[in-house]
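What follows is one structure encoded as structure tokens, with my remarks underneath.
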Amino acid sequence: MLMYGLVSWRLNQMVDEKAITASCKVLFALTGDVRRNSRALKQLRLLSELQITVDVLHLGGDGMQGLPHGVRAWHVPQPRGSGPRFFAAVHRRFNEAARQYAAHVYHASDLYVLPALCASARKHGGKVVYDIRELYPSVASTVGRPWVRAFWRLVEGRFIRRADATLTVGEQIADVVARTYNVRPPAVVHNVPPAAKIISSDLLAQVRKEGRVLLLHQGNMQKYRGNELLLQAMIHIKGAQLVFLGGGPLKQRIQATARSLRLDDKVLFVNPVPPNQLLNVTAEADIGISLLEDVCLNHRLALPNKLFEYLMAGVPVLVSRMPEMTKIVQRFNVGQTVDPTQPHELIGTLQSMIDNSDARAAWRRNTSAVFETYNWQVASDAFRRVYAQVLPL
């Protein structure tokens with residue numbers, strides 16, 4: 001009988017190439033920790049509901065804790081550093097791990113694992129599903145780096161044609177991918193959370209100061225996400241406090257900037273919470289903020305998780321004036337949009353939202369209407385149709 005434990009990884013131990021090949025219906029891989037990736041977790045729950053056995057290769061830990069029934073996760077050692085050497089090492093390590101699996105379907109949850117999964121699928125005769133969660137050749141880390149952008153475009157252009165099915169997060173990104181590579185548009189599976197009963201947490205209540213409007217920025221603190229622009233605005237904002245909920249590579253820098261600007265009384269930092277607790281915490285906020293800067297096509301066409309999470313929790317939003325996000329905010333009247341690089345506009349718009357409690361109440365009432373159009377039932381049906389192409393359900 002083929003065994004699972006043969007592909008468990010440790011930081012100082014690789015799988016023996018002569019080990020018996022493990023077997024599963026779906027091998028699911030991503031660079032990151034699957035337990036912190038809400039999109040991946042939703043997809044894994046759907047596969048679990050369909051009684052499909054899944055093994056996950058990721059940079060998180062081993063085991064089944066926190067994962068849907070029938071899903072096991074295995075640790076791939078994370079390389080040190082960044083840049084080309086990092087991604088070359090990522091490819092080697094995922095390639096060595098994935099080829100141990102004779103799976104029916106190899107699910108690449110990002111571009112960085114796609115070449116390795118394509119190689120394993122070819123070896124074992126499996127199918128490939130590719131989730132285009134970003135416009136990878138046009139993400140923020142490629143800004144000012146045309147050769148890096150060209151490299152990832154070549155990689156994606158080569159391997160996307162080997163995928164048997166593709167999916168992505170929004171209609172405009174699907175159109176760009178189809179035009180760029182002359183392929184069929186990927187299926188659109190929006191980043192909407194499943195409908196859930198919100199039970200307000202007291203996490204933010206413990207830090208809320210009486211009489212202040214609570215502004216929430218949730219998610220990783222990374223470059224070009226408007227974090228420091230928001231801090232500069234907070235110098236002039238009255239009657240509110242800002243909570244950063246999350247981690248990320250720039251967290252220490254953002255904390256240091258807040259201290260240097262003497263914003264200790266206005267700005268707080270709270271560690272990230274598990275995805276299954278997030279909406280309960282989000283619901284405590286008065287305004288949810290997402291200020292992606294318009295530095296790359298990926299940002300311009302973004303429909304981030306946090307937008308839908310704020311709205312699912314009934315929280316009005318202030319977001320960057322990007323096409324996809326603006327369409328939702330204006331169509332359903334659930335908040336305001338702004339150019340975060342214009343300080344006076346950012347300060348004025350945010351202060352007006354803070355001062356106008358009636359407008360916030362109206363926006364809050366409108367949030368539920370968003371999910372009559374953008375809902376998990378529609379997204380999950382699209383995901384099931386993708387898998388019906390590659391795996392009998």
Side-chain angles (χ1 to χ4, degrees), residues 38-39 133-135 139-140 169-173 190-193 213-234 237 240 242-246 248 254 278-279 281-356 359-371 373-374:
S38 60
R39 181 173 176 85
R133 294 191 286 115
E134 315 263 8
L135 280 173
V139 296
V169 297
E171 287 80 4
Q172 290 200 39
I173 288 181
H190 289 120
N191 279 322
V192 291
V213 172
L214 198 151
L215 315 175
L216 177 64
H217 182 286
Q218 67 186 38
N220 280 343
M221 283 161 260
Q222 296 180 356
K223 199 172 182 180
Y224 301 124
R225 294 196 177 184
N227 300 299
E228 289 171 301
L229 299 175
L230 185 55
L231 288 181
Q232 292 291 336
M234 287 302 296
I237 293 297
L242 169 65
V243 173
F244 285 98
L245 175 65
I254 301 303
L278 181 60
L279 291 182
V281 176
T282 304
E284 299 179 69
D286 298 303
I287 300 170
I289 299 176
S290 177
L291 297 179
L292 293 175
E293 298 173 44
D294 191 5
V295 296
C296 61
L297 190 59
N298 186 60
H299 278 191
R300 197 169 306 133
L301 302 183
L303 264 179
N305 283 318
K306 70 175 68 176
L307 171 63
F308 290 113
E309 288 163 350
Y310 290 145
L311 297 174
M312 177 65 76
V315 177
V317 295
L318 173 66
V319 300
S320 300
R321 195 171 294 120
M322 307 287 195
E324 292 280 74
M325 291 191 288
T326 297
K327 180 172 67 175
I328 291 176
V329 171
Q330 292 184 348
R331 175 181 174 184
F332 297 99
N333 190 23
V334 290
Q336 296 277 36
T337 65
V338 69
D339 180 350
T341 65
Q342 299 299 313
H344 292 296
E345 181 184 353
L346 175 57
I347 294 165
T349 302
L350 183 53
Q351 190 66 62
S352 69
M353 294 179 74
I354 292 165
D355 294 340
N356 195 335
R360 294 202 310 275
W363 292 326
R364 186 179 290 272
R365 288 193 297 270
N366 294 339
T367 56
S368 60
V370 173
F371 299 98
T373 301
Y374 298 88

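Every heavy atom of this structure was used, including side-chain atoms; hydrogens, water molecules and symmetry mates were not.
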Looking only at heavy atoms, which two atoms of [X] and [Y] are closest? And how far apart?
| X | Y | result |
| --- | --- | --- |
| Val139 | Cys296 | C-SG, 3.8 Å |
| Val169 | His190 | O-CD2, 3.2 Å |
| Ile354 | Ala240 | CD1-CB, 3.5 Å |

How long is the straight-line distance from [atom2] of [Y] back to [atom1] of [X], given to the nearest 0.5 Å?
| X | Y | atom1 | atom2 | value |
| --- | --- | --- | --- | --- |
| Leu311 | Thr367 | CG | OG1 | 6.5 Å |
| Leu350 | Ile287 | CG | CD1 | 6.0 Å |
| Ile289 | Leu307 | CD1 | CG | 13.0 Å |
| Glu228 | Met221 | CD | CE | 11.5 Å |
| His299 | Leu291 | NE2 | CG | 11.5 Å |
| Ile237 | Leu242 | CD1 | CG | 10.0 Å |

Test of understanding: with side-chain contact (heavy atoms from CB on, under 4.5 Å), list the residues that count as partners of [X], not counting sequence neighbours.
| X | value |
| --- | --- |
| Ala359 | Asn356, Trp363 |
| Glu324 | Glu171, Gln172, Leu303, Lys327 |
| Asp355 | Gln351 |
| Glu345 | Arg321, Val338, Asp339, Gln342, Thr349 |

May I ask you to decide if [Y]'s main-chain N or O and [X]'s side chain share a donor-acceptor pair within less than 3.5 Å?
| X | Y | answer |
| --- | --- | --- |
| Asn191 | Pro304 | no |
| Asn227 | Gln222 | yes |
| Arg364 | Gly314 | yes |
| Arg225 | Ser290 | no |
| Asp286 | Val213 | no |

- Should Leu216 and Val315 be marked as a side-chain contact (heavy atoms from CB on, under 4.5 Å) after you check the CA-CA gap, both sets of side-chain angles, and the distance that decides it? CA-CA 10 Å; Leu216 177 64; Val315 177; over 6 Å; no
Is the shortest side-chain heavy-atom distance between [X] and [Y] below 4.5 Å?
| X | Y | value |
| --- | --- | --- |
| Phe244 | Ile254 | yes |
| Ser320 | Met325 | yes |
| Leu135 | Leu301 | yes |
| Met322 | Asp294 | yes |
| Val334 | Pro316 | no |
| Glu309 | Leu279 | yes |
| Thr282 | Gln218 | yes |

- For Glu293, what residues pass the salt bridge (charged side-chain N to carboxylate O under 4.0 Å, His left out) criterion, not counting sequence neighbours? none
- Please assess Met353 against Leu318 for the test side-chain contact (heavy atoms from CB on, under 4.5 Å), listing each intermediate value before the final yes or no. CA-CA 9 Å; Met353 294 179 74; Leu318 173 66; 3.9 Å; yes
- Given the rule in the side-chain contact (heavy atoms from CB on, under 4.5 Å) test, do Leu214 and Glu284 qualify, once you have shown the distances and angles that lead to the verdict? CA-CA 8 Å; Leu214 198 151; Glu284 299 179 69; 5.6 Å; no
- Task: Evaluate the criterion side-chain contact (heavy atoms from CB on, under 4.5 Å) for residue pair Met312 and Ser368; output intermediate values, then yes/no.
- Result: CA-CA 7 Å; Met312 177 65 76; Ser368 60; over 6 Å; no
- Under the ring pair (Phe, Tyr, Trp, His ring centres under 6.0 Å) rule, what pairs show up with a residue in residues 303-346, not counting sequence neighbours?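 Qualifying pairs, neighbours excluded: Phe308-Tyr374.
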